[in-house]
Structures are given as C-alpha cells and as structure tokens.
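All remarks here apply to the structure that follows.
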Amino acid sequence: MVVSVRRWLRRIFFVLLLSFFTITMYGGCRFIAVWIAPENPYRVPQGNALKVFKPETSFQNDAGSIYDRLRLFYWYGE
C-alpha cells in the first residue's frame, strides 16, 4: 500500500480551508443578522411617544362584531 504524503497534505489543507471559510461565513451571517435586527421593539418610548396597551379580557367584550375584529386584524396586523 502506497501512502502519498502530498495527497494527505492537500486533503488536510482542503479541510482547513473549508473550516476557515465556514467559520467566516457563519460569522458574517451572524453579524448581518445582528445589524438588521431592531434594537428592542418592547422598550419604553421616549419623548412625546406613547405606548398604548390594553389587555383584552374577553373576545367579544368591545369588538362589536367579528367583521370589525377581522377588519382591524387585517388593518393593523394584530
């Protein structure tokens, strides 16, 4: 059996390059994901902004009809 040292060195070099590029790509994608994400969507508003929140106690308490509720859902997305 003939063991080629050059072939094994090329394989090791290939694995090292693949590992390096994989780690670099993962780090780049993670950096872009952190850069794109908003800071904190649930933070307390500052300045003249108000955060309005009304906990809903019942499904049909003040919604009127299911049509109005569905219209609000498509309008605001909530």
Side-chain angles (χ1 to χ4, degrees):
M1 181 174 164
V2 177
V3 176
S4 174
V5 175
R6 284 187 178 186
R7 181 177 283 177
W8 278 103
L9 287 177
R10 278 189 278 165
R11 287 181 182 167
I12 291 172
F13 183 69
F14 174 76
V15 169
L16 289 175
L17 273 180
L18 182 66
S19 300
F20 173 74
F21 286 126
T22 301
I23 291 170
T24 303
M25 185 68 182
Y26 177 76
C29 289
R30 187 169 168 85
F31 174 75
I32 290 172
V34 168
W35 181 56
I36 290 175
E39 292 177 17
N40 184 6
Y42 303 107
R43 71 176 188 265
V44 176
Q46 298 175 354
N48 293 330
L50 295 174
K51 187 169 188 173
V52 179
F53 178 74
K54 179 182 175 188
E56 192 168 326
T57 56
S58 171
F59 177 70
Q60 294 186 357
N61 204 8
D62 60 346
S65 69
I66 190 69
Y67 173 75
D68 292 336
R69 184 161 176 82
L70 189 62
R71 186 171 54 99
L72 285 174
F73 173 77
Y74 285 118
W75 193 6
Y76 291 120
E78 294 181 359

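- Here Arg71 pairs with Asp68 under the salt bridge (charged side-chain N to carboxylate O under 4.0 Å, His left out) rule; sequence neighbours left out.
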Indicate every side-chain donor-acceptor pair of residues 13-33 with a distance under 3.5 Å to a residue at least two apart or in another chain.
| residue | atom | partner | partner atom | Å |
| --- | --- | --- | --- | --- |
| Ser19 | OG | Val15 | O | 2.9 |
| Thr22 | OG1 | Leu18 | O | 2.7 |
| Thr24 | OG1 | Phe20 | O | 2.8 |

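- For Trp35, there are no side-chain contact (heavy atoms from CB on, under 4.5 Å) partners at least two apart in sequence or on another chain.
- Residues near Val34 contribute nothing to a hydrophobic cluster around it, because no ILVMFWY side-chain heavy atom sits closer than 4.5 Å to its side chain.
- Listed by chain and residue number, Ser4, Arg10, Arg11 satisfy the side-chain contact (heavy atoms from CB on, under 4.5 Å) test with Arg7 (two or more places apart in sequence, or in another chain).
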